[in-house]
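To find a chain, count down the sequence lines: A is the first, B the second, and so on, and within it residues start at 1. Values below: all heavy atoms of this structure, side chains included; hydrogens, waters and symmetry mates excluded.
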Number of protein chains: 2
Amino acid sequence: MITNKNCIIRLSRYKNALYRLQALGFVKVFSDNLADAVGVTASQVRKDFSIFGISGNKKGGYQIDLLLEKLNNILGKDRLQKVIVVGGGHIGSALMRYRGFEKEGIKIIAGFDIDPAKINRSNPVPILPLEEARIFIKTNGIRIAILAVPDIAAQQALDLICAAGIKGVLNFAPLRLKAPESCIVNYVNLEIELENLIYFVNVAEKTE
Amino acid sequence: MITNKNCIIRLSRYKNALYRLQALGFVKVFSDNLADAVGVTASQVRKDFSIFGISGNKKGGYQIDLLLEKLNNILGKDRLQKVIVVGGGHIGSALMRYRGFEKEGIKIIAGFDIDPAKINRSNPVPILPLEEARIFIKTNGIRIAILAVPDIAAQQALDLICAAGIKGVLNFAPLRLKAPESCIVNYVNLEIELENLIYFVNVAEKTE
DNA sequence: TTATTATTGTGAAAAATGGAACAATATGAT
DNA sequence: ATCATATTGTTCCATTTTTCACAATAATAA
């Protein structure tokens with residue numbers, strides 16, 4: 001069983017690079033082409049594939065369409081993923097407007113907020129009262145949620161959606177949340193990403 | 001010299017957790033408190049500190065204010081970081097409106113776009129023509145940029161800002177870019193984050 | 001003062017990750 | 001048909017990262 005998050009991220013990147021190659025008219029690809037496109041070594045590419053039993057042809061490389069099929073299957077992209085957003089603030093509403101997910105087979109089907117002023121049932125992505133989240137999650141069988149509420153509200157909101165059946169959360173609140181075993185929480189934090197970048201830029205500046 | 005990105009990310013998280021503890025009135029903290037708050041082991045906390053020569057008191061833990069001072073120093077948070085955003089689309093403009101960076105000492109001071117319709121010099125964060133980026137970066141000594149332009153334009157935009165003196169880029173375009181030695185590029189990709197989450201949720205579902 | 005206890009700091013062990021190297025082999029050339 | 005070549009798949013090795021374990025020691029209690 002694969003627990004290496006980086007490995008799965010690389011699979012996503014291979015997939016994205018393959019679509020670009022395919023759009024350029026390529027039909028097959030070698031491990032070192034993919035390695036270049038994604039910024040890893042060719043060994044790494046082949047090993048990643050080998051872990052998932054993906055094989056190519058000696059001297060012939062990999063056929064892009066078959067490879068994409070396998071990667072999409074591994075990444076669960078063979079069916080539409082319905083996602084909800086909890087929190088209708090800056091980040092939440094930007095995510096609801098963002099069209100980039102759709103081409104990846106990820107569809108945000110509703111947003112939720114406690115503030116009655118934010119409710120809007122006629123939006124392309126309707127924004128509903130948080131009280132309705134539980135029943136919405138259950139009736140629509142939603143497994144994935146994006147959590148974009150203020151720090152102070154994050155734990156409570158998480159408890160609510162986990163209890164309703166959410167299995168995975170992408171959390172934008174900048175603190176660690178306690179989730180039940182049944183629910184995986186991943187963290188996105190742009191401030192930390194920037195801090196990280198600033199640190200390495202500073203280090204590079206000092207050592208040059 | 002520290003090259004471990006995860007380690008630096010943990011420092012940011014320790015810092016954030018320490019501010020919360022401080023706000024609750026705590027004055028000192030033990031490695032296992034921090035470990036709980038951040039979701040790592042106590043050994044890890046102490047080892048991270050040890051790497052940077054941060055020391056506490058046997059049986060007394062760490063004094064929060066001193067610890068914060070050291071972490072902030074390491075993370076370059078002792079001075080305001082001025083950042084520009086390249087690209088005035090959905091993501092770019094959401095970032096320019098986002099107020100969360102300011103409390104972290106990160107200030108977005110301008111945006112840039114090629115589309116004349118997006119130019120707006122009287123905005124709180126002015127949006128300027130991309131042609132002006134070069135001179136703006138040089139005259140203001142900007143080192144950090146956020147790149148939020150369409151895939152197709154990303155490499156060219158990166159070349160431009162690197163030539164103007166940018167040393168670090170947080171790139172939202174979902175492809176690997178070629179940057180000169182002098183410039184570090186980090187990647188943010190929400191589609192990949194969601195794919196990753198979906199993968200692990202699917203795995204958990206299958207193995208339960 | 002001495003003993004006890006809690007906590008740090010770190011060296012050594014273990015685990016995870018990534019990379020190099022090369023045997024196996026399919027393809028194409030002669 | 002045979003040889004040369006290019007590329008995969010995998011094993012083994014190196015490096016990085018994390019965890020364990022415990023000596024050192026400061027604070028507190030007796």
Side-chain angles (χ1 to χ4, degrees), chain A residues 1-14 17-18 21 26-71 74 176 187 196 199-200 203, chain B residues 1-14 17-18 21 26-71 74 176 187 196 199-200 203:
Chain A
M1 235 280 293
I2 307 302
T3 55
N4 184 342
K5 190 175 166 174
N6 288 332
C7 175
I8 308 302
I9 288 177
R10 285 194 300 269
L11 294 190
S12 284
R13 293 194 170 139
Y14 301 147
L18 286 167
L21 291 169
F26 288 94
V27 170
K28 63 181 192 179
V29 70
F30 301 119
S31 56
D32 65 334
N33 304 140
L34 263 181
D36 280 353
V38 168
V40 299
T41 65
S43 291
Q44 179 89 82
V45 173
R46 296 198 299 273
K47 184 178 284 185
D48 286 339
F49 289 172
S50 149
I51 288 169
F52 289 96
I54 295 175
S55 59
N57 310 296
K58 297 264 161 81
K59 197 159 179 185
Y62 303 83
Q63 205 178 319
I64 292 181
D65 55 355
L66 295 178
L67 191 47
L68 273 170
E69 204 177 302
K70 284 177 183 161
L71 290 175
I74 292 165
R176 176 144 302 252
Y187 294 78
N196 199 265
Y199 171 84
F200 284 105
V203 167
Chain B
M1 236 280 293
I2 306 303
T3 56
N4 184 342
K5 189 175 166 177
N6 287 331
C7 175
I8 308 303
I9 288 177
R10 287 194 299 268
L11 295 190
S12 285
R13 292 195 170 139
Y14 300 147
L18 286 166
L21 290 169
F26 288 93
V27 170
K28 64 182 192 180
V29 69
F30 302 118
S31 57
D32 66 334
N33 304 139
L34 262 181
D36 279 353
V38 168
V40 299
T41 65
S43 294
Q44 179 93 81
V45 173
R46 296 199 299 274
K47 173 73 58 108
D48 285 340
F49 288 172
S50 148
I51 288 169
F52 288 96
I54 295 175
S55 59
N57 310 295
K58 297 267 159 80
K59 199 161 177 185
Y62 303 83
Q63 204 179 319
I64 293 182
D65 54 355
L66 295 178
L67 190 47
L68 274 169
E69 204 176 303
K70 284 177 182 160
L71 290 175
I74 292 165
R176 175 145 303 253
Y187 294 79
N196 199 266
Y199 172 84
F200 284 105
V203 167

Each nucleotide N or O in nucleotides 27-30 of chain C that has a protein N or O under 3.5 Å away: list the pair and distance.
residue: C:dT27; atom: O2; partner: A:Lys59; partner atom: NZ; Å: 2.7

Nearest-angstrom distance from the residue atom [atom1] of [X] to [atom2] of [N]:
X: A:Phe52; N: D:dG9; atom1: CZ; atom2: P; result: 15 Å
X: B:Asn6; N: C:dA16; atom1: CG; atom2: P; result: 15 Å
X: B:Gln44; N: C:dG11; atom1: CD; atom2: P; result: 17 Å
X: B:Gln63; N: C:dT8; atom1: CD; atom2: P; result: 14 Å
X: A:Phe49; N: D:dT7; atom1: CZ; atom2: P; result: 15 Å
X: A:Ile8; N: C:dG18; atom1: CD1; atom2: P; result: 12 Å

Name every donor-acceptor pair, under 3.5 Å, that has one atom in a side chain of residues 52-67 of chain A and the other anywhere in the protein, sequence neighbours excluded.
residue: A:Asn57; atom: ND2; partner: A:Gly61; partner atom: O; Å: 3.4
residue: A:Gln63; atom: NE2; partner: A:Asp65; partner atom: OD1; Å: 3.2

Approximate separation, where rounding is to 0.5 Å, of B:Ile74 CD1 and B:Lys70 NZ: 9.0 Å

Straight-line distance of A:Glu69 CD to A:Leu18 CG, nearest 0.5 Å: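 One finds 13.0 Å between CD of A:Glu69 and CG of A:Leu18.
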
Reading 5' to 3' through nucleotides 10-16 of chain D, protein heavy-atom contacts under 4.0 Å coded B for base, S for sugar-phosphate only, - for none: BBB----

Residues that B:Asn196 engages under side chain to side chain contact (heavy atoms under 4.5 Å, CB included), provided they are two or more places apart: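 For B:Asn196, the residues satisfying side chain to side chain contact (heavy atoms under 4.5 Å, CB included) (neighbours in sequence not counted) are A:Lys5, A:Ile8, A:Ile9, A:Asn186, B:Phe200.
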
Listed partners of A:Ala17 passing side chain to side chain contact (heavy atoms under 4.5 Å, CB included), at least two apart: A:Arg20, A:Leu34, A:Ala37, A:Val38

Sugar-phosphate only, base, or nothing, as touched by A:Tyr62 at under 4.0 Å among non-hydrogen atoms: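 Here A:Tyr62 touches the backbone only, sparing every base.
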
Compare every heavy atom of [Y] with every heavy atom of [X], then report the nearest pair and how far apart it is.
X: B:Asn4; Y: B:Asn6; result: OD1-N, 3.0 Å
X: A:Tyr187; Y: B:Arg13; result: CB-NH2, 4.0 Å
X: B:Thr41; Y: B:Ala35; result: C-CB, 3.6 Å
X: A:Tyr14; Y: A:Asp48; result: OH-OD2, 2.6 Å

A:Asp36 side-chain N/O to A:Asn33 backbone N/O, donor-acceptor pair under 3.5 Å: no

Any A:Tyr199 side-chain heavy atom under 4.5 Å of B:Ile2 side chain: yes

Those residues of residues 30-39 of chain B lying under 4.0 Å from DNA chain C by at least one heavy atom: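 B:Phe30, B:Ser31 - these, ordered by number, are the residues of the stretch whose heavy atoms sit under 4.0 Å from the strand.
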
